[in-house]
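See below for the structure under consideration.
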Amino acid sequence: MIEVNGVSKSYGRLEVLKDISLQVEAGQVVAIVGPSGSGKSTFLRMLNGLESFSGGSIKIDGHDLSLPRELHQVRKEVGMVFQQFNLFPHLTVGRNVTIAQRLVLKESKAAAEERARRLLARVGLQEKWASYPSQLSGGQQQRVAIARALAMEPKVMLFDEATSALDPELVGEVLDVMRSLAADGMTMLVVTHEMGFARNVADRVLFMDAGRIAADGPPALILDKPKDERLIQFLRRIG
Ligand code: ADP
Ligand code: MG
């Protein structure tokens, strides 16, 4: 589903991603951990075309991200959820979840609303259709953001610290939605500090350090029997 080959990225003279290669099978859930500034967000943004890259190639579901025509398709197929929920504040929950279906997918009003209602029910928010984002808790807003991303019927979902801005008691409800998506077979890349999620839900954990993938393997190996010295230090710091 995702094929990254020898990709790099610089901001001016600062090289933030260095010769990254990665393959992710359909249905795999990959947790990405690593210190602040190691390039995790840049990497995710690159995967849905929000960020250019130099050298190498990226293919998502066979679409080559370096071709402008394909870029458009990839953006539709790759959903992203950010730390800040980024809902449209002036639109109701229902409109937040239908607007891209209407404008980008050219769905009819009825079809878009039908799908939005189904997705809002799925994240447990069917009764919030007419509410505005400011009337919701952070956890509820983040669940709307997930429903909004799912409304594009993506093949890949990217989560960039989706629970980091939430009050501790609201983290669980968002992780539950993410866990159920994983159980349904969604291909997911999840940047997270939630080691419980990485250990119990992810098939695979990547450790990013200074712009490289410094370790990659099953959670039990990466988190419980780390070999890389910087990974050992990282786990000690966050543990
Ligand atoms: P992480 O998500 O792991 O904390 P980021 O991908 O946000 O790391 O950042 C990686 C590096 O790239 C950092 O040194 C950061 O300061 C730098 N960086 C990120 N975005 C930009 C940008 N738009 N312009 C310049 N430097 C950036
Ligand atoms: Mg980040």
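The figures that follow rest on heavy atoms only: side chains count, while hydrogens, waters and symmetry mates do not. Keep in mind that what you see is a predicted model, and the values were worked out from it rather than measured. We count ligands from 1, going down the list as the structure has it; atoms in each ligand are counted the same way.
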Got the closest protein heavy atom to [atom], with its distance?
atom	value
atom 19 (C) of ligand 1	Y11 CE1, 3.5 Å
atom 7 (O) of ligand 1	S41 CB, 3.7 Å
atom 4 (O) of ligand 1	G37 N, 2.7 Å
atom 8 (O) of ligand 1	G39 N, 3.2 Å

Pick out which of Q73, K76, E77 makes a side chain to side chain donor-acceptor pair (under 3.5 Å) with H63. E77

Any side-chain heavy atom of [X] within less than 4.5 Å of one from [Y]?
X	Y	answer
E173	Q140	yes
I32	F43	yes
V156	M188	no
F159	T192	no
S137	L170	yes

Going by the closest heavy atom to atom 3 (O) of ligand 1, which one wins out of E51, M46, K40? K40

Please state which option from D209, L44, T42, D160 has its nearest heavy atom closest to atom 9 (O) of ligand 1. T42

I'd like to check which ligand 1 atoms, numbered from 1 as shown, lie under 4.0 Å from a non-hydrogen atom of [X].
X	result
P35	3 (O)
V16	11 (C), 12 (O), 17 (C)
L14	14 (O)

So is G34 close enough to ligand 1, meaning a heavy atom under 4.0 angstrom away? no

R45 atom CZ, over 12 foreign heavy atoms within 6.0 Å: yes

Strictly less than 4.0 Å: does any protein heavy-atom distance to atom 16 (O) of ligand 1 fall in that range? no

Below 2.8 Å, can you find an N, O or S atom of S41 next to the Mg ion (ligand 2)? yes

Test: R148 cationic atom under 6.0 Å from F88 six-membered ring centre, within 45° of axis: yes

State whether E51 and K9 are salt-bridged, where the test is any N-O pair (Lys NZ or Arg NE/NH1/NH2 against Asp/Glu carboxylate O) under 4.0 Å. yes

For ligand 1, is there an N or O atom under 3.5 Å from any N or O atom of F43? no

